[in-house]
Amino acid sequence: MSASSSHQKNTQRERLEAREQNILKAATEAFSALGVDGTTMAEIARRAHIAEGTLYLYHKNKQDLLAVVVQNFWAELTKGALIAVDVSLAVMTQLEQLATYHLAALIQQSDMVGLTYRARLRHGEPEYQLPKIREYVRVFDQIMERGINRKELSEAIPLSLIHISEPTRPLYI
């Protein structure tokens, strides 16, 4: 494969990835502004400045697209939580950092929290949400485990009693 052919593939992949990010941004905005029921694939395509048919090349339907938007929300929330916590500090300080981040993020992104909650109410407990939500809850678990390992917390308290192990309601610390 020539260098120009390799560059062409990277450029094409970069264009596809950029288009996907544009679609997700447009979908997030539409779902947040219009809700799940008020959002159409045509509206998302309009906001993404692409043809509706092009949108269907990336996502088979609105529910598929909603799943990706919700997954991205939880993944970004988790990344932010990991950045917000300074693992070199005392565990109680880490918990304060996580709580502060958590509350600020949920207030700032309340539309996405509401969207996640409404999607779950409308469609039951979609399996696509659980792994990303569990990754987020795992940030809390990691702090608690560090506290036990550092002897800042007692081993006598099972982690399952400290946090919400099954996220069936909004996760508030």
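All figures in this text were calculated on a predicted structure; none of them were measured in a lab. Residues: numbered from 1 along the sequence shown.
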Under 3.5 Å: donor-acceptor pair, side chain of Glu43, backbone of Ala30: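 Checking the backbone N and O of Ala30 against the side chain of Glu43, no donor-acceptor pair under 3.5 Å is found.
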Under 3.5 Å: donor-acceptor pair, side chain of Lys132, backbone of Val70: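 No, Lys132 side chain to Val70 backbone: no donor-acceptor pair under 3.5 Å.
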Spacing of [atom1] belonging to [X] relative to [atom2] belonging to [Y], to within rounding of 0.5 Å:
| X | Y | atom1 | atom2 | answer |
| --- | --- | --- | --- | --- |
| Met144 | Leu153 | CE | CG | 4.5 Å |
| Ile44 | Leu55 | CD1 | CG | 6.0 Å |
| Gln97 | Met92 | CD | CE | 12.0 Å |

Sequence-distant partners of Arg146, salt bridge (Lys or Arg N to Asp or Glu O under 4.0 Å), two or more places apart: none
Listed pairs under 3.5 Å, donor-acceptor, residues 77-87 side chains, sequence neighbours left out:
residue : atom : partner : partner atom : Å
Thr78   : OG1  : Trp74   : O            : 2.9
Thr78   : OG1  : Tyr136  : N            : 3.4
Lys79   : NZ   : Glu76   : OE2          : 3.1
Asp86   : OD1  : Ser88   : N            : 3.0
Asp86   : OD1  : Ser88   : OG           : 2.6
Asp86   : OD2  : Ser88   : OG           : 3.4

Cluster overlap Val69 with Tyr56, hydrophobic side-chain contacts below 4.5 Å: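 Yes.
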Salt bridge (charged side-chain N to carboxylate O under 4.0 Å, His left out) pairs, two or more places apart, involving residues 16-32: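 Checked against salt bridge (charged side-chain N to carboxylate O under 4.0 Å, His left out) - neighbours excluded - the pairs reaching residues 16-32 are Lys25-Glu29.
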Pairs flagged by salt bridge (charged side-chain N to carboxylate O under 4.0 Å, His left out) wherever residues 89-103 is involved - sequence neighbours left out: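 Sorted result for residues 89-103: empty, none.
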Partners meeting side-chain hydrogen bond (donor to acceptor under 3.5 Å, both in side chains) with Asn22 (sequence neighbours left out):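 Partners of Asn22 by the side-chain hydrogen bond (donor to acceptor under 3.5 Å, both in side chains) criterion come out as none, since no residue qualifies.
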Partner set under side-chain hydrogen bond (donor to acceptor under 3.5 Å, both in side chains) for Asp111, not counting sequence neighbours: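 With neighbours one apart ignored, the set is Ser32.
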Criterion side-chain contact (heavy atoms from CB on, under 4.5 Å) on Leu16 and Tyr58, from CA distance to verdict: CA-CA 9 Å; Leu16 293 173; Tyr58 288 82; 3.2 Å; yes
Check against salt bridge (charged side-chain N to carboxylate O under 4.0 Å, His left out), Arg138 and Glu145: CA-CA 10 Å; Arg138 182 80 181 116; Glu145 289 167 359; 3.0 Å; yes
